[in-house]
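Lettering follows sequence order; numbering is per chain, from 1. Values below: all heavy atoms of this structure, side chains included; hydrogens, waters and symmetry mates excluded.
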Number of protein chains: 2
Amino acid sequence: MATPLPRDPIADARGNWERAGWSDVAAPMAAVTAIMRTQQLLLARVEGVLKPFGLTFARYELLALLSFARSGALPMNKASALLQVHPTSVTNAVDRLQDAGLVVRSRHPTDGRTTLVELTRQGKTLARQATLALNEEVFASSGFPEQDVDDLIQILGRFRRNAGDFTD
Amino acid sequence: MATPLPRDPIADARGNWERAGWSDVAAPMAAVTAIMRTQQLLLARVEGVLKPFGLTFARYELLALLSFARSGALPMNKASALLQVHPTSVTNAVDRLQDAGLVVRSRHPTDGRTTLVELTRQGKTLARQATLALNEEVFASSGFPEQDVDDLIQILGRFRRNAGDFTD
DNA sequence: TATTGTTATACTCTATAACTATA
DNA sequence: TATAGTTATAGAGTATAACAATA
């Protein structure tokens with residue numbers, strides 16, 4: 001971890017915005033910037049935990065998704081939709097995971113256009129191990145007090161719904 | 001924007017965690033995942049606004065930082081520290097911005113090891129235009145209600161301080 | 001010796017476009 | 001015609017290691 005700065009750079013940026021005459025948007029600017037930075041910190045932490053497993057966050061997310069799929073298998077486009085990433089990103093991730101022996105592709109029984117992805121036994125095991133590591137090393141001490149966790153879930157849930165992520 | 005999902009995938013993941021017996025970390029997992037997704041949505045929005053200016057978010061951040069520097073110039077390592085990115089990322093960004101005529105490098109007057117970065121007149125103009133566009137098209141309607149903005153700034157500020165970003 | 005910055009290299013993820021195969 | 005997926009290609013950011021120059 002780098003040396004802490006003597007001052008909060010985002011609070012400083014907010015001050016700069018206000019002095020420039022943009023007071024009306026200074027707070028949202030600060031909030032958006034803080035989300036960017038927080039994501040960066042959390043991602044580094046998560047990837048640090050996943051690295052020993054040979055996984056990136058994107059690939060872990062796919063493994064985790066599959067591990068909770070009822071039938072154990074998902075169509076590529078379903079995975080793309082649920083993970084909210086581009087279809088080519090899924091193709092890429094599945095390629096790597098398949099090379100690592102963690103997933104296999106198979107044909108859809110009735111729709112010949114569709115490719116299914118499924119965890120191998122090895123993939124199931126690794127997904128579970130990686131999840132336990134994340135639970136213990138990241139989520140159990142996330143750095144957010146309990147009330148903040150609840151507030152974040154509410155606030156970001158409203159935002160994501162508003163942004164069109166889901167209708168629910 | 002892709003078709004909204006019928007259900008919130010993060011709420012579903014939280015339910016999966018609880019059913020797997022990981023109730024104690026289900027909420028922090030959901031909060032962390034929500035931050036990841038929110039960052040993705042915001043970044044896409046920001047980069048969409050910056051694209052017509054030929055800027056990425058990383059390069060814009062550097063321009064904005066320089067535009068608020070008192071002397072108008074910053075050492076590379078100072079920029080790296082304030083933006084909280086790797087020094088090679090700054091080298092890379094400055095290379096591109098210099099190619100575009102938006103910044104120039106110069107020698108530090110007293111420390112020969114240090115390289116200063118400074119906005120050109122063109123860089124100053126573009127930084128201002130891009131900022132006005134972001135203010136208008138992103139921050140003025142960020143998708144967060146005013147109270148949520150304030151809460152986010154508080155919650156994420158606590159987290160970042162706790163993570164060692166700043167001491168303040 | 002320590003610091004600053006660059007270079008070379010490599011590895012992510014992402015996106016567009018063109019293409020095949022199937023419905 | 002529309003959909004599903006792959007391929008090729010490109011570009012982004014990031015990181016490590018080796019190196020040069022300076023303190």
Side-chain angles (χ1 to χ4, degrees), chain A residues 1-3 36-37 39-48 50-51 53-62 73-100 103-117, chain B residues 1-3 36-37 39-48 50-51 53-62 73-100 103-117:
Chain A
M1 175 160 41
T3 310
M36 301 287 196
R37 174 60 184 159
Q39 186 267 353
Q40 194 178 12
L41 289 165
L42 289 171
L43 182 61
R45 215 175 275 185
V46 166
E47 301 238 276
L50 293 177
K51 196 163 190 175
F53 297 97
L55 293 174
T56 62
F57 182 56
R59 293 178 208 168
Y60 166 76
E61 277 199 298
L62 184 51
L74 278 179
M76 297 288 282
N77 69 339
K78 194 101 181 182
S80 170
L82 289 171
L83 296 174
Q84 330 228 38
V85 297
H86 200 275
T88 55
S89 297
V90 176
T91 295
N92 184 312
V94 170
D95 284 349
R96 316 301 186 98
L97 291 170
Q98 194 164 32
D99 289 348
V103 304
V104 288
R105 282 178 166 94
S106 62
R107 301 225 128 284
H108 186 103
T110 63
D111 188 335
R113 298 170 300 183
T114 298
T115 301
L116 298 175
V117 201
Chain B
M1 173 158 44
T3 311
M36 302 285 198
R37 175 59 184 159
Q39 187 266 355
Q40 194 180 12
L41 289 165
L42 289 171
L43 183 61
R45 213 175 278 185
V46 166
E47 301 238 275
L50 293 177
K51 195 162 192 177
F53 297 98
L55 294 174
T56 62
F57 182 55
R59 293 180 207 168
Y60 166 76
E61 276 198 299
L62 185 52
L74 279 179
M76 297 288 282
N77 69 338
K78 194 98 182 186
S80 170
L82 289 171
L83 296 174
Q84 328 227 44
V85 297
H86 199 274
T88 55
S89 296
V90 176
T91 295
N92 185 311
V94 170
D95 283 350
R96 316 300 186 100
L97 290 171
Q98 195 165 32
D99 289 348
V103 304
V104 287
R105 282 176 165 94
S106 61
R107 301 224 129 282
H108 186 102
T110 64
D111 187 336
R113 297 171 301 185
T114 300
T115 301
L116 298 174
V117 202

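Note: CD (A/Q39) to C1' (C/dC13) measures 12 Å, nearest angstrom. In this structure, the CD atom of A/E47 is 17 Å from the P atom of D/dG13, given to the nearest Å. Rounded to a whole Å, the CG atom of B/L116 is 9 Å from the P atom of C/dG5. Rounded to a whole Å, the NE2 atom of B/H108 is 13 Å from the C1' atom of C/dT3. Rounded to a whole Å, the CD atom of A/Q98 is 14 Å from the P atom of D/dG5. Straight-line distance from the NZ atom of B/K51 to the C1' atom of D/dA12: 11 Å, rounded to whole Å. The CG atom of B/L62 sits 12 Å away from the P atom of D/dT14 (whole-angstrom rounding). We find that CG of A/L50 is positioned 19 Å from P of C/dC11, with the value rounded to whole Å.
Contact check of residues 76-96 of chain A against DNA chain D (heavy atom, cut-off under 4.0 Å) returns A/M76, A/N77, A/T88, A/T91.
Here B/T115 contributes atom OG1 and B/L74 contributes atom CG; the two are 12.5 Å apart, rounded to the nearest 0.5 Å. Note that CD of A/Q40 and CD of B/Q39 are 8.5 Å apart. Values are rounded to the nearest 0.5 Å. Remark: A/L62 CG to A/R96 CZ distance equals 13.0 Å, nearest 0.5 Å.
Side chains of B/L116 and B/K78 form no contact here, defined as non-hydrogen atoms less than 4.5 Å apart. Annotation: side chain of B/N92 is not in contact with side chain of B/T88 (no heavy-atom distance under 4.5 Å). The shortest distance between side-chain heavy atoms of A/L82 and A/E61 does not fall below 4.5 Å.
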Between the protein and nucleotides 18-22 of chain D, which nitrogen or oxygen pairs are less than 3.5 angstrom apart?
from: D/dT22; atom 1: O3'; to: B/G112; atom 2: N; distance (Å): 3.4

Determine whether B/T114 and B/M76 satisfy the following criterion, side chain to side chain contact (heavy atoms under 4.5 Å, CB included), listing intermediate values before the conclusion. CA-CA 7 Å; B/T114 300; B/M76 297 288 282; over 6 Å; no
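Taking each heavy atom of A/V85 and A/V90 in turn, the nearest pair found is CG2-CG2, 3.7 Å. Scanning both residues, A/H86 and A/S80, for their nearest heavy atoms gives C-OG, 3.9 Å.
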